[in-house]
Amino acid sequence: MAVVVWVVEGTWPACVDAARAHAPEGAEVVLLHVTGHDVADAAHGAFAGLLGRGHPERDPGTRVEHLAAASAESLLQAAAERLGRPCTRVERTGRVEREVVAATEGADLLVLARDGDRARLSPHSLGPASRFVVDHAACPLLLVWPEPAPDLTTMPPPPPHHR
């Protein structure tokens, strides 16, 4: 069995704990972190637009890329330690939702956390990237709350009947 655990800042402990609890012993566990390219691209673009292309050594986008890679490496290390069993760590860069879906190819399970409004039970408990992944992943999903789930009284009322 191949299990992909989507490691995201702020919600990763719940995902790792769910994988530890639900992935059978001997399962191949992949800890996946995806760094969006948008922040580094914006820094590259701003530098090129404001200061021209003559001094690539001063481009702040390169520094942003290095900081993102170091942060991802640290996060994956912490997740691996919490998992406490053999795993593979994968860092990808690109459109987050598409990279996660691509990483599910051949997987038997994807573990991900709710990342939207977690104060109430509603469709808004998923952010745009997670919604895309839920709709497009090529394998079954285990969707976890990063903290205890809200009370059932927070569920929106049913829609009115249409006649």
Side-chain angles (χ1 to χ4, degrees), residues 1-45 61-152 154-156:
M1 174 175 219
V3 177
V4 176
V5 180
W6 185 11
V7 175
V8 177
E9 292 82 355
T11 62
W12 67 268
C15 293
V16 170
D17 292 349
R20 217 174 44 214
H22 298 287
E25 282 299 318
E28 176 190 340
V29 178
V30 174
L31 300 176
L32 170 69
H33 182 273
V34 180
T35 300
H37 57 74
D38 47 350
V39 175
D41 286 354
H44 286 304
T62 304
R63 178 79 174 132
V64 169
E65 289 170 352
H66 293 303
L67 289 170
S71 175
E73 184 178 325
S74 174
L75 194 62
L76 287 169
Q77 176 64 35
E81 289 172 7
R82 186 175 184 114
L83 182 64
R85 64 185 196 186
C87 62
T88 303
R89 292 179 252 173
V90 174
E91 166 61 24
R92 296 175 79 143
T93 302
R95 295 235 5 208
V96 174
E97 63 277 12
R98 293 192 174 272
E99 292 297 325
V100 173
V101 169
T104 66
E105 184 177 9
D108 298 299
L109 180 68
L110 171 64
V111 180
L112 70 155
R114 294 178 182 273
D115 61 348
D117 178 6
R118 298 189 305 260
R120 63 192 53 82
L121 299 171
S122 80
H124 300 290
S125 67
L126 292 176
S130 294
R131 171 58 61 196
F132 184 93
V133 170
V134 166
D135 290 343
H136 296 89
C139 66
L141 306 167
L142 175 56
L143 181 60
V144 300
W145 288 93
E147 56 272 321
D151 187 79
L152 289 177
T154 66
M155 191 171 13

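Atoms considered below: every heavy atom in the structure, side chains included; atoms not considered: hydrogens, waters and symmetry mates.
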For a quick test of reading the model, state the closest non-hydrogen atom pair linking L32 to A103 and the distance between them. CD2-CB, 3.5 Å
OG1/T154 to CG/L121 distance, rounded to the nearest 0.5 angstrom? 3.5 Å
For W145 and A14, the nearest pair of non-hydrogen atoms, with its separation, is O-CB, 3.8 Å
Run the side chain to side chain donor-acceptor pair (under 3.5 Å) test against R98 and tell me which residues pass, sequence neighbours left out. none
Salt bridge (Lys or Arg N to Asp or Glu O under 4.0 Å): which pairs involve residues 136-151, sequence neighbours left out? R118-E147
Could you go through the side-chain contact (heavy atoms from CB on, under 4.5 Å) check for L112 and V134 one step at a time? CA-CA 9 Å; L112 70 155; V134 166; 4.2 Å; yes
Do you know the tightest heavy-atom contact between P86 and V29? O-CB, 4.4 Å
Please answer whether the main-chain N or O of V101 pairs with a side-chain N or O of T104 as donor and acceptor at a distance below 3.5 Å. yes
Less than 4.0 Å between a side-chain N and a carboxylate O, is that true for R89 and E91? no
V5/L83 under side-chain contact (heavy atoms from CB on, under 4.5 Å): CA gap, chis, key distance, verdict: CA-CA 10 Å; V5 180; L83 182 64; 6.0 Å; no
Under 3.5 Å, is there a donor-acceptor pair between the Q77 and E81 side chains? yes
So, using side chain to side chain donor-acceptor pair (under 3.5 Å) as the criterion, who are the partners of S130 when residues are at least two apart? D115
Any side chain to side chain donor-acceptor pair (under 3.5 Å) pairs touching residues 5-19, not counting sequence neighbours? E9-H33, D17-R20, D17-R82
Pairing residues for R92 by the side chain to side chain donor-acceptor pair (under 3.5 Å) criterion, not counting sequence neighbours: E99
Steps toward side-chain contact (heavy atoms from CB on, under 4.5 Å) verdict (V8, V96): CA-CA 10 Å; V8 177; V96 174; over 6 Å; no
Enter the distance from M1:CE to E25:CD here, rounded to the nearest 0.5 Å. 13.0 Å
To check you understand the geometry: which heavy-atom pair defines the closest contact between G106 and A2, and what is its length? O-CB, 4.3 Å
Just how far is it from atom CG of L142 to atom CG of L110, taken to the nearest 0.5 Å? 9.0 Å
Pair C15, V7 - check side-chain contact (heavy atoms from CB on, under 4.5 Å), show working. CA-CA 7 Å; C15 293; V7 175; over 6 Å; no
For residues 105-114, which residue pairs qualify under side chain to side chain donor-acceptor pair (under 3.5 Å), counting only residues two or more places apart or in two chains? R114-S125
